Each structure stands twice: as C-alpha cells, then as structure tokens.
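Here the structure is a predicted model, which is why all the values come from computation and not from measurement. Ligands are counted one by one from 1 in listed order, and the atoms in each one are counted from 1 as well.
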Amino acid sequence: MTEKDNVPGHVAVVMDGNGRWAEQHRLPRLEGHRRGARIARHIVEWAADAGVRQISLFAFSTENWARPKREVEGLMALLATMLLKELPKMQKKGVRFRTLGGIDALPEKARQAVDRACLETRNNKRIDLILCLNYGGQQEIIEGVKLAAKWAATRDDPEQALANLDTDTFRSFLWCAETRPVDLLIRTGAERRISNFLLWDAAYAELYFCDKYWPDFSEQDFLSAIDDFTSRERRFGLTGNQLA
Ligand code: IPE
Ligand code: IPE
Ligand code: MG
C-alpha cells in the first residue's frame with residue numbers, strides 16, 4: 001500500500017473519559033470502559049480507511065494500577081475477552097496487533113490473549129494496532145538508559161560510546177524502536193496533558209484535543225482530527241521559509 005499524501009503515518013490516542021462518561025449516564029465505570037473498548041475497535045478501521053499505517057492506543061498506564069482493585073480487574077478481564085473476540089476480525093481486516101509496555105505484569109489470561117493476538121496477526125499488513133498496556137513513557141526511557149549502559153559496556157571505550165550516543169542510537173534501545181515517531185497525538189476527555197504517554201516518540205507530534213468523552217468519539221471526530229493535521233505546518237525547528 002502506498003502512503004497517502006499528508007495523512008499521519010502514526011496516530012496515537014489517549015482514550016480518556018470512560019469513567020466520566022459512565023458517571024454522566026449513571027452507569028458503573030466499567031460500563032464506560034466497555035463502551036470505550038467498542039470505539040477502540042472502530043478507530044482502527046477508521047484509521048486504516050484513512051490511510052494511517054500505525055495506530056497506538058493508550059489502554060492502561062503504569063499509574064492505572066493504583067485504581068480501585070475492582071476497576072483494574074474489570075479492565076484486565078475486558079482486555080482478554082475483547083481481544084479474543086476481535087481476533088478473527090483483525091485477521092480479516094489485515095490488522096497486525098502489537099503491544100507496548102510491560103506485558104509480563106498483566107494477569108495470565110490477558111497475557112495469553114495478547115500473545116495469541118500478536119502471533120496470529122504477525123503477517124498482516126494493512127495497519128499496525130499498537131495497544132499500550134502497562135505503559136509509561138518515563139519507564140520506557142529508564143529501561144532504554146539501562147540498555148544503553150549495557151551496550152556501552154561491550155564497546156572498546158564505553159565512556160566514549162556513551163559520550164557519542166545520539167538520538168537515533170538511543171531510540172534503538174527503546175520499546176518503541178519498531179514503530180515510527182508519532183505524527184498526530186489525539187486526546188479525548190477534555191484534559192490537556194500527556195499523562196506519561198510516548199514521551200520520546202511524540203517529540204514532534206501534532207497535538208489534537210477533543211473534549212468529548214472517549215465512548216462518544218465518532219468517525220466524524222476522527223476525520224476532523226486528520227483534517228486538522230493536514231492543515232498544520234510541521235517545521236521540526238526550521239523556519240517557514242526554509243520549508244518553502
Ligand atoms: C480512560 O478513561 C481509560 C483508562 C484510563 C483505563 P478513564 O477511566 O480515565 O476515564 P475518566 O478520566 O475517569 O473519565
Ligand atoms: C491516561 O488516562 C491513560 C489512559 C488513557 C490509559 P488517565 O485518566 O490515567 O490520565 P490522568 O490521570 O487523567 O492524567
Ligand atoms: Mg482519565
């Protein structure tokens with residue numbers, strides 16, 4: 001598939017507002033997460049149709065473990081059920097499923113579902129769905145620093161190796177090494193913060209905020225975000241004249 005002009009190659013989404021959506025509808029928070037999971041399914045399709053090649057969805061942060069036990073357990077159970085249910089559809093639609101984050105810490109069932117989805121969809125080519133689970137941007141960078149130190153220790157002159165470490169080499173030590181940098185970062189739920197998401201790879205992402213709660217996010221909202229992206233001038237530190 002060829003790249004479409006001006007479409008963001010990698011879109012990342014902070015799917016926020018499930019809990020407030022549920023509250024607004026006088027439903028349990030978990031019902032908000034269920035509705036949210038449905039939208040997560042749809043957005044992959046909307047993105048693929050628009051020509052996006054990679055979509056990263058923030059599903060569970062390293063900080064989210066501190067939520068009430070029932071909510072955490074509910075989210076993990078939902079993850080396992082949804083993934084297994086979605087697997088045939090992902091196959092049919094050419095979705096390659098991958099994850100970013102500390103998968104080993106997930107409960108057994110969720111981990112098994114994740115492993116199976118990764119394995120079975122590994123040859124799909126239409127779009128990469130990167131589900132960020134037990135993910136933290138700071139944690140990712142710390143792990144990268146540890147790997148970089150190990151790598152340097154194997155060099156003839158470790159001190160020199162570290163002194164010469166550049167951003168491309170360091171990036172190869174990060175979890176995100178195989179994804180491309182984020183072009184467009186969308187956050188729903190009326191908050192304007194990053195919340196420890198993709199700190200390294202969103203360095204030059206265009207930010208887009210949608211005030212709707214995630215379960216209310218529609219295809220039209222997604223297309224508005226893409227549309228907005230196409231009108232931005234990405235300068236990467238240069239001047240507008242240099243780009244022209
Ligand atoms: C996002 O929705 C989903 C997760 C963090 C798992 P929230 O659960 O954060 O919803 P709000 O922000 O409380 O409304
Ligand atoms: C970010 O949302 C994490 C996910 C969407 C999974 P949070 O709801 O956890 O972020 P804060 O607490 O509002 O910063
Ligand atoms: Mg939230």
So which bit of M15 gets within less than 4.0 Å of ligand 2, heavy atoms only: side chain, backbone, both or neither?
->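 Under 4.0 Å from ligand 2, M15 contributes backbone atoms alone.
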Does [atom1] belonging to [X] count more than 12 external heavy atoms closer than 6.0 Å?
X	atom1	answer
K212	NZ	yes
E63	CD	yes
R234	CZ	yes
Q138	CD	no
R192	CZ	yes

Check ligand 2 against [X] and write out every atom of the ligand that is under 4.0 Å from a heavy-atom position of the residue.
X	result
D16	2 (O), 8 (O)
S195	10 (O), 11 (P), 14 (O)
R193	11 (P), 13 (O), 14 (O)

To which protein heavy atom is [atom] closest, and what is the distance rounded to 0.1 Å?
atom	answer
atom 13 (O) of ligand 1	R29 NH2, 3.0 Å
atom 1 (C) of ligand 2	V14 CG1, 3.9 Å
atom 8 (O) of ligand 1	R67 NH1, 2.7 Å

What N/O/S atom of D16 gets nearest to the Mg ion (ligand 3)?
->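 For D16, the N/O/S atom sitting closest to the Mg ion (ligand 3) is OD1.
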Is there at least one pair of N or O atoms, one from E191 and one from ligand 2, spaced under 3.5 Å apart?
->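 No; the residue has no nitrogen or oxygen that sits under 3.5 Å from a nitrogen or oxygen of the ligand.
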State whether the shortest distance between N or O atoms of S61 and N or O atoms of ligand 2 falls below 3.5 angstrom.
->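 N/O-N/O distance under 3.5 Å: no.
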Heavy-atom pair of closest approach, residues [X] and [Y]:
X	Y	answer
N124	V95	ND2-O, 2.9 Å
R180	G9	NH1-CA, 3.9 Å
A40	I43	O-CG2, 3.4 Å
S56	C132	CB-SG, 4.2 Å

Just let me know how E23 lines up against ligand 1, side chain, backbone, both or neither, with a heavy-atom cut-off below 4.0 Å.
-> neither
Within-cut-off N or O pair, F60 and ligand 1, under 3.5 Å = no
Examine N64 against ligand 1 and note whether any of their N/O atoms are separated by less than 3.5 Å.
->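 Among all N and O atoms of N64, none is under 3.5 Å from an N or O of ligand 1.
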Report yes or no: does a heavy atom of G36 sit under 4.0 Å from some atom of ligand 1?
->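 No, G36 has no heavy atoms under 4.0 Å from ligand 1.
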G17: heavy atom below 4.0 Å from ligand 1, yes or no?
->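 Heavy atoms of G17 do come under 4.0 Å of ligand 1.
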Does any non-hydrogen side-chain atom of E140 lie less than 4.5 Å from one of C176?
-> yes
Measure the OG1-CG distance between T188 and D216 for me, rounded to the nearest 0.5 Å.
->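 Taking OG1 in T188 and CG in D216, the distance rounds to 9.5 Å.
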First locate atom CG of D16, then atom OG of S195, and finally report the distance between them rounded to the nearest 0.5 Å.
-> 7.0 Å
Look at the N, O or S atoms of E191, main chain and side chain alike, and state whether any lies under 2.8 Å from the Mg ion (ligand 3).
-> no
Taking atom 11 (P) of ligand 2 as the reference point, report whether a protein heavy atom occurs under 4.0 Å from it.
->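 Given the 4.0 Å cut-off, atom 11 (P) of ligand 2 counts as touching protein heavy atoms.
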Which ligand 1 atoms, with their elements, are less than 4.0 angstrom from a heavy-atom of A59?
->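 It comes down to these atoms of ligand 1: 6 (C).
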Using non-hydrogen atoms of the residue, decide whether R20 is closer than 4.0 angstrom to ligand 2.
-> no
